[in-house]
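Got a structure here, written out as structure tokens. Questions coming.
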Amino acid sequence: MEEENNRIFSLVLKNAWTGAPTEEEIVELQAWQSRSSFHQTLPDRFADLDWINGKVSEIHKFRKEVVRQRIIESIEGLEATTANVSETGHAPYTTSSQPGKRNYINVETSTEYIRVHKHWRVTFMVIFIYSKVLLVVALYYYMLWRKCH
Amino acid sequence: MPPFGSNDDGKADFKAYYDMHSTPIYAFLRSMELCEEDAEDLLQDTFTKLWINRHRIQSKEHIKNWLYYVAGNAAINLLKSKEARYRNIEALQWMNEPAYFEIQRISSEWLSWIYLELERLPPGEGDVIRSLFIDGLTMHDIAERRNTSIKTVSNQRNDGLNKLRARLTKEQFAKLFMILMKLPM
């Protein structure tokens, strides 16, 4: 897989930047491109220097050391919690940085409406329609009963 | 051989995996249309999960696939949770396709490779080549910014390319040079 990807990378660049792939290489690249519409478009992207520059600039913004530090802190926090649980037998209510303060879960919502699973919508519709049918049937038999008496 | 050594509970191996895979995974997350902050947050979560699950992973070969799998799913879940604000609903549908996933992964690895090779250049020559390639400056801009002559900048550019040639294999250098040769002269 790795070898194939490296080979295709060379072919894509050769095709895009020197314009001199052999017949055999063109066939190989076309066979790879025929795998999906996404495979089809990738070589065109790597023929666009502005696109490559833009993407490499995005990677350049990655704060590798900052994220590394955050991961270390996160792991240390997890290990401290695990150690605390094994000592006391239950999870702590407070954070080590803010003693005495309750540690709530940060929940962010994207909408003000109550959201339920999509299957519930069908279930509610069926119950609603079924209740209306029962109501009509009940009324019909009630009228029938009154007529008889 | 287990992917995480037992000497220091696998911390040295974990550091090595972060150095090796963090940049391509970040590029992969950005390619899934995530902003810088979200990509960094998910990268943090992904590597934290790797640490938690380190004893369950059987071999070094599985780590890379595992990281892409976890990061990709987390990205899709995050985009779905933001669905109301995320206008490109159609994009969310084809993000679930394996071919899309594969292409983002391949292109992220290729782009990261280009970036990391440029990053490894020494400061003087590296700055010139990075300014040309990443910042899109011209030789003239760089000379003006450094208060030096275009000839000096041109020499540094050529020295940088020579250092790349010395470090990379013929095949690797050919790949990078094909792009770098299109840089502004």
Side-chain angles (χ1 to χ4, degrees), chain A residues 1-2 4-19 32 35-43 45-47 49-79 82 108-113 115, chain B residues 11 14-15 18-19 22-24 26-27 30-31 36 39-41 43-45 47-48 50-52 64 81-86 94 97-116 118-119 130 133-136 171-172 174-179 181-183:
Chain A
M1 187 73 179
E2 288 288 311
E4 190 203 16
N5 285 346
N6 280 333
R7 166 111 183 113
I8 295 297
F9 188 24
S10 302
L11 289 183
V12 165
L13 293 181
K14 201 171 178 184
N15 191 41
W17 297 105
T18 65
W32 184 82
R35 289 183 189 176
S36 76
S37 58
F38 303 109
H39 288 76
Q40 187 70 42
T41 53
L42 189 65
R45 290 195 207 162
F46 275 85
L49 190 61
D50 289 338
W51 181 83
I52 299 176
N53 284 348
K55 289 289 172 186
V56 173
S57 302
E58 275 181 14
I59 300 172
H60 188 56
K61 288 175 188 162
F62 173 37
R63 299 174 303 163
K64 193 172 183 172
E65 293 310 314
V66 172
V67 178
R68 186 200 301 275
Q69 194 53 40
R70 276 164 45 186
I71 292 169
I72 291 169
E73 283 166 14
S74 160
I75 289 170
E76 282 172 354
L78 278 172
E79 286 178 346
T82 313
E108 189 187 342
T109 57
S110 57
T111 167
E112 291 175 353
Y113 293 97
R115 299 180 76 178
Chain B
K11 280 183 182 159
F14 182 76
K15 184 179 175 296
Y18 181 79
D19 287 335
S22 58
T23 306
Y26 175 81
R30 288 302 306 271
S31 74
E36 284 166 51
E40 286 185 354
D41 286 348
L43 187 77
Q44 180 189 339
D45 290 348
F47 274 90
T48 307
L50 175 68
W51 176 256
I52 294 167
K64 193 169 158 187
S81 72
K82 289 183 170 179
E83 201 173 335
R85 280 171 281 172
Y86 186 67
W94 40 254
E97 290 186 30
Y100 172 82
F101 210 77
E102 187 191 341
I103 284 301
Q104 295 309 324
R105 177 178 165 164
I106 291 171
S107 93
S108 305
E109 283 179 6
W110 293 355
L111 290 164
S112 304
W113 181 79
I114 294 170
Y115 172 73
L116 290 172
L118 297 180
E119 267 301 291
R130 284 191 289 272
F133 191 73
I134 297 174
D135 303 329
E171 167 82 356
Q172 287 173 329
K175 274 186 204 167
L176 200 56
F177 190 69
M178 277 185 243
I179 298 172
M181 68 192 284
K182 300 288 175 183
L183 291 176

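Below, read A as the first sequence line, B as the second, and so on, with proteins coming before strands; counting in each chain starts at 1. Being a predicted model, the structure only gives us computed values, none of them experimental.
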What residue in B/Arg130, B/Glu109, B/Glu97 has the most heavy-atom pairs under 4.5 Å with chain A?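 Ranked by contacts with chain A, first place is B/Glu97.
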So do A/Trp32 and A/Leu11 actually touch side chain to side chain, heavy atoms under 4.5 Å?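 A/Leu11 vs A/Trp32: side chains apart.
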Main-chain N/O of B/Asp19 paired to A/Lys64 side chain as donor or acceptor, under 3.5 Å: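 Pair found, side chain donor or acceptor close to backbone of B/Asp19.
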Measure distances from B/Lys15 to the heavy atoms of chain A and classify the residue's part below 4.5 Å as side chain, backbone, both or neither.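 Both parts, backbone and side chain.
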Portion of A/Leu78 that has a non-hydrogen atom of chain B nearer than 4.5 angstrom: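 Only the side chain of A/Leu78 comes within 4.5 Å of chain B.
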So, B/Tyr18 side chain and B/Phe47 main chain: donor-acceptor pair closer than 3.5 Å or not?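 No, B/Tyr18 side chain to B/Phe47 backbone: no donor-acceptor pair under 3.5 Å.
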Looking at chain B, which one of A/Gly54, A/Ser36, A/Ser57 has the largest number of heavy-atom pairs inside 4.5 Å, strictly under?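 So the answer, after comparing A/Gly54, A/Ser36, A/Ser57, is A/Ser57.
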Does any heavy atom of chain A fall under 4.5 Å from the side chain of B/Tyr26, the backbone, both, or neither of them?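 Side chain only.
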Please examine the side chains of B/Ile106 and A/Phe9, heavy atoms only from C-beta on, and report whether any two atoms are closer than 4.5 Å.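 The answer is no, as the side chains (C-beta and beyond) never meet within the 4.5 Å cut-off.
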Check salt bridge (Lys or Arg N to Asp or Glu O under 4.0 Å) between A/Arg70 and all other residues, then give those that pass, not counting sequence neighbours.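 Partners of A/Arg70 by the salt bridge (Lys or Arg N to Asp or Glu O under 4.0 Å) criterion, ordered by chain and then number, come out as B/Glu40, B/Asp41.
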Using heavy-atom distances under 4.5 Å, tell me whether A/Leu42 contacts chain B through its side chain, its backbone, both, or neither.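 Side chain only.
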Is chain B contacted by the side chain of A/Arg45, its backbone, both, or neither, given a heavy-atom distance below 4.5 Å?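 Answer is side chain: those atoms of A/Arg45 sit under 4.5 Å from chain B.
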Those residues that, when tested against B/Asp45, pass salt bridge (Lys or Arg N to Asp or Glu O under 4.0 Å) (two or more places apart):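 Testing B/Asp45 for salt bridge (Lys or Arg N to Asp or Glu O under 4.0 Å), a comparison that skips the adjacent residues, returns none.
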